[in-house]
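In what follows, a single structure is set out as C-alpha cells and then discussed.
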Amino acid sequence: MEYNHKEIENRWQQYWRENNTYRTEIDHSRPKFYVLDMFPYPSGAGLHVGHPLGYIASDIYTRYKRLQGFNVLHPMGYDAYGLPAEQYAIRTGQHPEVTTRNNIERYRSQLDKIGFSFDWSREIKTCDPEYYKWTQWAFIKMFDSYYDTAADAARPIADLVAHLQKHGTEGLHAAATRQLSITPEQWNAMDDKEKSDTLMNYRLAYLGNTMVNWCPALGTVLANDEVSEGLSIRGGHPVEQKLMYQWCLRVSAYAQRLLDGLEKVDWTDSLKETQRNWIGRSEGAEMRFPVADSDIELEIFTTRPDTIFGVTFMVLAPESKYVDMITTEEMRPAVDEYRQSIKHKTERERMIDRRVTGVFTGAYAINPITGKKIPVWVSDYVLAGYGTGAIMAVPAHDSRDYAFARTFDLPVIPLIQGADVSEQSFDAKEGTMINSASDSLNLNGLQVKEAMAAAKEFISRTGIGKVKVNFRLRDAIFSRQRYWGEPIPVAYRNGIPETLPVESLPLLLPEVDKYLPTESGEPPLGRAANWKTAAGLPLELNTMPGFAGSSAYYLRYMDPRNNSCLVSPEANSYWKQVDLYIGGSEHATGHLIYSRFWNKFLYDLGLVCEDEPFRRLINQGMIQGRSNFVYRIKDTNTFVSHGLKDQYDVTPIHVDVNMVTNDRLDIERFKAWSPEYATAEFILEDGQYICGYAVEKMSKSMYNVVNPDDIVERYGADTLRLYEMFLGPLEQSKPWDTNGIDGVNRFIKKLWNLFYRDGKLNVTDTEPTPENLKSLHKLIKKVTADIENFSFNTSVAAFMICVNELAQQRCTSRKVLADLLILLAPFAPHVAEELWHTAIGATTSICDASWPAFNEEYLRESTVRYAVSFNGKARFTMEAPADAPRDTVSDMALSHPDAAKWLENKTVKKIIVVPGKIVNIVLG
RNA sequence: GCCCGAAUGGUGGAAUGGUAGACACGAGGGACUUAAAAUCCCUUGGCCAUUACGGCUGUGUGGGUUCGAGUCCCACUUCGGGUACCA
C-alpha cells in the first residue's frame with residue numbers, strides 16, 4: 001500500500017458528500033458551537049493560496065469541536081454583490097449575475113478540493129432574492145424605527161409620532177440629525193411632506209442631505225470605510241466631497257453601545273483599539289461665544305475647556321453656516337474667494353497640500369469667561385462635519401492652532417507653567433495652570449486634570465455651555481448609484497418616500513439594457529422598464545451598498561430556508577451567536593461595525609437574543625507573495641545568476657515563481673516562457689541559475705500567484721492544509737514559499753509508513769508500551785492546548801515529533817495509532833479517514849470518533865533532569881528523583897563531580913532550586 | 001503626527017522569568033544505486049579550539065529590575081498595520 005493522495009482524497013470527499021457527514025441540525029442533547037468564516041466575494045481571479053488560510057484554521061477548529069462532542073454550525077456562502085462584476089458587465093455587456101454565477105462555481109470547486117467540512121445545505125448568496133428579501137426587510141424595519149436615547153434602544157417610529165402629537169419635541173429623547181423644537185400644534189398642522197421631512201430627522205434609515213464621498217470614476221458615493229487617503233479602496237480612483245440627498249443609516253445613534261460592547265467580546269486588543277479609534281469618543285464641552293455687536297452666538301466644541309483663557313482667535317469651517325452670518329461687508333469678497341478656492345480642491349488635493357490657509361471674517365467674538373474680544377477666522381483645517389464646525393483656537397496648546405497663529409501672526413498665550421511655546425505648542429495634558437484667572441473663575445495653580453473638571457463645572461453651572469460627548473463615527477451612507485446591488489424597497493408618493501409592504505418583498509432587481517447611468521444622470525435602475533409599484537408609484541433608483549448583504553448573514557445561516565422570518569426564534573435561541581469568527585482585519589471599520597450595529601438593532605426589536613454577534617474573533621494574517629527575479633545585463637539578452645549580479649549593470653525582471661524551485665531557475669521553461677527569452681544566454685554559478693527574491697503582494701503582475709489547485713494536484717489537500725498551518729502563526733502576515741512544503745509531505749508519508757511498513761499492514765492488538773503512551777499523551781496535551789490557542793504551527797511540529805518517536809519505538813498498537821489519527825483528523829482529514837478505515841478497521845467515519853482524553857499519569861517521570869547553573873550560567877545537567885526535596889537536590893548538585901571545578905576557592909552564598917528544572921548556585 | 005504590533009541562524013519560525021534556536025526548509029558530508037529520483041544517517045548561530053561533545057560569544061541599540069531576562073521596566077532605532085487637520 002502506497003500513499004496516493006489523489007485516490008484517497010477523492011474517495012473520502014465523495015463519501016462525506018454522499019453521507020451528508022457535515023449536515024448540521026438543531027440538537028438539544030448536545031452543546032452548540034458556531035464557527036464562521038467571513039464569506040468571500042467571488043472574484044474572477046479565483047482563489048490563490050492565501051485565501052484558504054482562515055478557512056483551514058476554522059475547519060480545524062470545527063472538526064476538533066465536533067470530536068469533542070459539540071454540535072457545530074459551520075456554514076459557507078458568498079458575498080455576491082460587488083463592483084467588479086458590474087464593471088465587467090459595463091465593459092462586456094454580460095449580466096453580472098452570469099459572471100457571479102460562474103465565479104461562484106469556480107470558487108466552489110476550488111474549496112471542495114481542500115476538504116472543508118462546511119454544511120453546504122445552508123449555503124447563502126447575498127444576490128439571491130430569497131436572501132436579500134431579508135436585507136430589504138431589515139431596511140424597512142430601520143425606516144420604521146428611531147433611537148430612544150433615554151431607553152437606549154430603537155423604538156417604533158409610531159411611538160415618536162404619538163409623542164409629537166401630544167407633546168411636540170418637549171421631553172423627546174431621540175437621536176436626531178438636528179435638534180428640532182416643535183410644538184404639538186405645529187406638528188399637527190404639518191402637511192404630509194413636512195411630517196415626512198420631520199420624521200427623516202429621527203428615522204434609523206433616513207434620507208438626508210449629507211456630505212458624501214463621491215467617486216466620479218465609479219459614478220457612485222462611497223462610505224467612509226470604502227475610502228482611504230482620498231482614493232476609493234476599489235480601483236483607487238479619486239474621491240471628492242459633495243452634498244447629496246442620500247439614504248443613510250443612523251449608526252451614530254449606537255456609537256456608545258458599539259463602544260461598550262467591545263468590553264464583552266473576545267477580540268484582539270488591536271482590533272478593539274481600531275474600532276475604538278474609528279468610533280472616536282471624545283469628552284469635552286460645547287460652549288457659546290457671542291459675536292460682538294450682534295445677537296449671533298458661535299457654538300463650538302472643545303475637549304480642552306481648561307484652556308479657555310488661552311483662546312486668542314476662533315476658526316469656522318468654510319462650509320459653516322456662521323460664515324455668511326458674521327462676515328463683514330469689507331471682508332466678504334476675500335472670504336468668498338477663499339471658500340471658492342477650497343471648493344475646487346478635491347479631498348486628495350486637500351490632503352496632500354497641507355499649507356496653512358485661511359481668511360479673517362472681519363468679525364469678533366467675545367470670550368464668555370474673560371470678556372475679551374477675539375477675531376473670527378475661516379480655515380479648511382476645521383471640518384464642517386465634526387462637532388459644530390467651529391472651534392476656539394488655543395495656539396499655545398494645540399499644534400494646528402499654533403501653526404495657524406504663527407502663519408497669521410496671532411498671539412499665543414501659554415497656560416501651563418514651564419511650557420516653552422516659542423517653537424511649538426505644548427499639547428500634553430499635564431502641568432500646573434497659569435494665566436488662567438478672571439473675576440468669576442480662577443484655574444491658576446490647578447493641575448490640568450483638575451482645571452478641566454473645574455472649567456466644565458463652571459461652564460455648565462453658568463449656562464455658557466454644557467458637557468458634551470462627541471463621536472467621530474458618522475452615519476453610514478446607504479445609497480449607491482449602481483446596478484448590481486439590492487434594490488431599496490421604497491416608492492415615492494407625490495415625492496414622499498414610503499417603504500413597500502413587507503409582504504411584497506423581495507423587490508426583485510429589474511433587468512436593464514445597459515449597466516450605466518441614464519443620459520439624465522440617474523442611476524442604472526432608471527433604465528428599467530416599468531420600475532413602478534403595482535399602484536404605479538415610481539420606485540427608488542439607488543441600490544444598497546456592499547455591506548448591506550453581509551450585515552446579518554450569520555443570522556440567516558441559522559435558518560437559511562425560512563420563508564417567514566429572517567431567523568426563527570427557535571433557531572436563534574439555539575445557535576445564539578457566532579462563537580468563533582475568523583477573517584481579515586481589513587473589515588475592522590466596515591463590516592464589523594455595520595454587523596454589530598445591525599445586530600444591536602435587531603436585538604432592540606427583540607428579534608435576536610444576543611447583543612453582540614461575534615463572541616470571539618481571530619484575524620488571520622495575509623499571505624504575501626514571494627516573487628522571484630532574474631537579472632538581465634543591460635542592453636543584452638544575457639541573464640546573470642543572483643550571486644554574480646553585482647559585477648554587472650543589471651535590470652531585475654519578475655519571473656514566474658512556478659518555474660523556480662528553491663530559487664533555482666528552470667532554464668528550459670524560462671526560454672519557453674516568452675519568445676523574447678528563447679535565445680537568452682545565462683551566466684551561472686555552480687552550474688545553476690539562482691534567482692533573487694522579494695516579498696510582495698500576491699498578484700498576477702508580479703508572477704508570484706500560487707494556485708491551491710496546483711498544490712492539491714501535486715501534493716494533496718492534506719499537505720496543503722498542514723503546510724498552510726505550519727507556515728507560521730495564524731495571525732501573522734507571512735510570505736508563501738512553496739519550498740518548505742516537502743517537509744510536511746514527507747511527514748504524511750512517514751505517518752503512512754507507521755501504518756504500512758514495507759507495504760504490509762503494521763497495526764496489531766498489542767498493548768501499548770509506557771513509551772508509546774508517553775509519546776501519545778504528550779501529543780494529546782500539546783495539540784489540545786495548541787488548538788485552543790490557535791497555535792497550529794506548533795501542533796504540526798508536535799505531530800512530526802510524535803510520529804518520529806512512534807516510528808523509532810516500532811509502535812504497532814492499534815489503540816495508540818487510532819488515537820493518533822483522531823488527533824490528526826482536524827488537520828489532515830483525508831489521510832486520517834483512510835487509515836482509520838483501512839488500517840485501524842473502523843466502519844464509521846473518523847468524524848464520529850471522540851477526542852482522546854489526556855492522562856497525566858503517562859507523562860510522570862521517576863527522574864528529572866536539572867540544569868545546574870553557577871551565578872546564572874548553566875554548566876552541566878544531572879538526574880535527580882522527581883520527588884526529591886529541594887535540599888536533597890541542592891546537595892546532589894554540590895556533590896556532583898562536575899561541580900568541583902566551579903566551586904573551587906568559592907563560597908556558596910545561596911542556592912535556588914526550581915523543581916524539575918534548574919539548580920542555580922550563587923557564589924560569593 | 002497619533003494609536004497598535006513586531007524585531008531571534010542562510011530562510012520560515014520554537015521557547016508558563018529557568019540549558020535560546022523546537023520543528024521544518026536550505027546547505028554541507030555520507031549510505032544505498034551503473035546513474036538519477038526516492039529513502040535513510042551525520043553536521044549545520046558565530047568565533048576559538050579540536051587533546052578533550054572544551055571555551056568564549058550570541059535574541060535590533062543602550063540602560064535597569066532579578067540568583068537568573070529573548071521574555072519584565074525605561075529610553076532609543078528600524079520595520080509592519082491602523083488612522084489622520086476629529087478641536
Side-chain angles (χ1 to χ4, degrees), chain A residues 224 228-229 268-278 280-282 284-285 300-304 307 314-315 317 350-351 354 356 379-383 385-394 397-401 403-404 427 470-474 585-586 588-589 619 621-622 624 626 662-664 693 695 722-723 726-729 731-747 749-750 753 785 791 793-801 804 865-877 909-923:
Chain A
N224 277 351
S228 177
E229 301 189 348
T268 61
D269 289 338
S270 74
L271 183 57
K272 286 188 189 179
E273 201 53 33
T274 302
Q275 289 216 338
R276 285 194 194 105
N277 290 341
W278 188 260
R281 183 184 202 272
S282 57
I300 60 101
F301 174 73
T302 180
T303 53
R304 295 294 303 273
T307 60
M314 298 186 73
V315 187
R350 247 170 103 158
M351 264 176 202
R354 293 274 201 138
V356 177
S379 174
D380 67 343
Y381 84 89
V382 174
L383 305 178
Y386 184 77
T388 59
I391 62 154
M392 62 178 218
V394 186
H397 302 290
D398 182 288
S399 53
R400 295 154 302 178
D401 296 344
F404 195 83
D427 290 14
N470 255 328
F471 292 94
R472 206 186 72 105
L473 183 72
R474 308 293 167 78
S585 57
E586 68 272 20
T589 54
N619 289 128
M622 251 225 303
Q624 297 141 305
R626 186 180 185 280
N662 284 332
D663 292 333
R664 278 159 182 73
Y693 73 89
V695 174
L722 282 168
Y723 187 56
F726 188 62
L727 221 43
E731 308 192 34
Q732 192 174 302
S733 284
K734 58 236 163 200
W736 175 269
D737 182 356
T738 308
N739 289 343
I741 203 169
D742 289 322
V744 284
N745 195 235
R746 262 173 225 149
F747 157 73
K749 287 178 190 162
K750 279 183 198 166
N753 291 336
S791 176
N793 54 332
T794 52
S795 33
V796 177
F799 278 114
M800 290 175 175
I801 293 168
N804 276 337
R865 281 202 92 70
Y866 278 91
V868 181
S869 304
F870 293 88
N871 288 339
K873 268 198 191 322
R875 295 303 180 182
F876 62 89
T877 63
K909 263 169 73 179
K910 186 152 89 161
I911 301 180
I912 294 119
V913 178
V914 181
K917 284 185 176 164
I918 287 271
V919 182
N920 190 17
I921 299 166
V922 185
L923 300 172

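Please read these numbers as outputs of a predicted model, since none were measured by experiment.
Here the C1' atom of nucleotide B:G26 and the CG atom of A:D663 are 9 Å apart, to the nearest Å. Remark: C1' of B:C25 and CH2 of A:W736 are 13 Å apart, rounded to the nearest angstrom. Separating the CG atom of A:D401 from the C1' atom of B:G1 is a distance of 15 Å, rounded to the nearest angstrom. The CG-C1' distance, from A:L383 to B:A84, rounds to 10 Å in whole Å.
Using a 4.0 Å heavy-atom distance criterion, A:K272 is classed as making no nucleic acid contact. Note on A:N470: nothing from the nucleic acid sits closer than 4.0 angstrom, heavy atoms only. Heavy atoms of A:I391 sit under 4.0 angstrom from at least one base atom. At a threshold of 4.0 angstrom between heavy atoms, the contacts of A:S869 with the nucleic acid are absent. Among the heavy atoms of the strands lying under 4.0 Å from A:R664 are primed sugar atoms or P, OP1, OP2 only; no base atom is included. A:A797 comes within 4.0 angstrom of a base, heavy atoms only. Heavy atoms of A:R276 sit nowhere under 4.0 angstrom from any nucleic acid atom. Within 4.0 Å (heavy atoms only), A:P735 reaches no atom of the nucleic acid at all.
Taking the side chain as every heavy atom from C-beta outward, A:R276 and A:E273 approach each other to under 4.5 Å.
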Does the pair A:R626 and A:D663 meet the rule for a salt bridge (Lys or Arg N to Asp or Glu O under 4.0 Å), with working shown? CA-CA 11 Å; A:R626 186 180 185 280; A:D663 292 333; 2.9 Å; yes

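Across B:C85, B:C23, B:A14, the shortest atom-to-atom separation from the side chain of A:I801 is found for B:C23. Proximity note for A:K873 (side chain, C-beta onward) versus B:U57, B:A14, B:U39: the nearest is B:U57. Taking the side chain of A:T794 as heavy atoms from C-beta on, and the options B:A87, B:A14, B:C40, the nearest nucleotide is B:A14. Nearest nucleotide to the side chain of A:M800, out of B:U19, B:C25, B:A24: B:A24. Checked against B:A87, B:A24, B:C25, the side chain of A:F726 finds its nearest nucleotide in B:A24. The A:W278 side chain lies nearest to B:A84 when the options are B:A84, B:G18, B:G13.
The two residues A:T268 and A:E731 make their nearest non-hydrogen contact at CG2-OE1, 3.5 Å.
Using Watson-Crick or G-U wobble geometry with both donor-acceptor distances under 3.5 Å, B:G70 finds no partner in any strand shown. In this structure, B:C2 forms a base pair with B:G82, meeting either the Watson-Crick or the G-U wobble geometry with both donor-acceptor distances under 3.5 Å. Base pairing of B:A87 is not made with any nucleotide, judged by Watson-Crick or G-U wobble geometry with both donor-acceptor distances under 3.5 Å. Remark: B:A49 base-pairs with no nucleotide; criterion is Watson-Crick or G-U wobble with both hydrogen-bond distances under 3.5 Å. Checking B:G9 for Watson-Crick or G-U wobble geometry (two distances, each under 3.5 Å) identifies no partner in any strand. Pair assignment for B:A75 gives B:U61, based on Watson-Crick or G-U wobble hydrogen-bonding distances that are each under 3.5 Å. Nucleotide B:A20: unpaired (no Watson-Crick or G-U wobble partner with both distances less than 3.5 Å). Searching all strands for a Watson-Crick or G-U wobble partner of B:U34 with both distances below 3.5 Å returns nothing.
Remark: the backbone N or O of A:M622 is paired with a side-chain donor or acceptor of A:S733 at under 3.5 angstrom.
Spacing between B:U71 and B:A14 at atom C1', rounded to whole Å, works out to 13 Å. On the P atoms, B:A6 is 13 Å away from B:G60, given to the nearest whole Å. Between the C1' atoms of B:C2 and B:C56, the separation comes to 45 Å (whole Å). B:G18 and B:U83 are spaced 37 Å apart, taking the P atom of each and rounding to whole Å. Taking atom C1' on both nucleotides, B:G9 is separated from B:G70 by 14 Å, rounded to a whole Å. Comparing B:G62 with B:U77, their C1' atoms are spaced 11 Å from each other, to the whole Å. Across the C1' atoms, B:A7 and B:G21 are found 15 Å apart, a figure rounded to whole Å. Look at the P atom in both B:G29 and B:G82: the space between them is 46 Å, to the nearest Å.
Around CG of A:D269, the count of heavy atoms belonging to other residues, nucleotides or ligands within 6.0 Å does not exceed 12.
The phosphate of B:G26 (OP1 or OP2) has a side-chain N or O of A:N662 nearer than 4.0 angstrom. One finds no side-chain N or O of A:Q732 lying less than 4.0 angstrom from the OP1 or OP2 phosphate oxygen of B:A6. The phosphate of B:A84 has neither OP1 nor OP2 within less than 4.0 Å of any side-chain N or O from A:N277. OP1 or OP2 of B:A84 has at least one side-chain nitrogen or oxygen of A:R472 nearer than 4.0 Å. The side chain of A:Y386 contributes an N or O atom lying less than 4.0 Å from OP1 or OP2 of B:A87. For A:R875, no side-chain nitrogen or oxygen approaches OP1 or OP2 of B:G18 to under 4.0 Å.
Expressed to the nearest 0.5 Å, how far CD1 of A:I912 lies from CD1 of A:I921 amounts to 10.0 Å. Taking CZ of A:F799 as the start and OG1 of A:T794 as the end, the distance is 10.5 Å to the nearest 0.5 Å. To the nearest 0.5 angstrom, A:N662 atom CG is 8.0 Å from A:D737 atom CG.
Judged purely by distance below 3.5 Å, without hydrogens or angles, the side chains of A:N745 and A:Y723 never pair a donor atom with an acceptor atom.
Taking the syn range as angles within 90° of 0, the glycosidic angle of B:G9 is syn.
Using bins of under 30°, 30° to 60° and over 60° for the plane-to-plane angle, the ring pair A:F301/A:Y386 lands in the perpendicular bin. Ring pair A:F870/A:F876 is tilted by interplanar angle, where 30° to 60° counts as tilted.
Taking for each of A:G728 and A:V796 the nucleotide of RNA chain B with the nearest heavy atom, the 5'-most of the two is the partner of A:G728. Projected onto RNA chain B by closest heavy-atom contact, A:G740 and A:D269 fall at different nucleotides, the more 5' of which corresponds to A:D269.
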What pairs of nitrogen or oxygen atoms, one from the protein and one from nucleotides 62-73 of chain B, lie under 3.5 Å apart?
unit_1 : atom_1 : unit_2 : atom_2 : d
B:C67  : O2'    : A:N920 : ND2    : 3.4
B:C67  : O2     : A:N920 : ND2    : 2.2

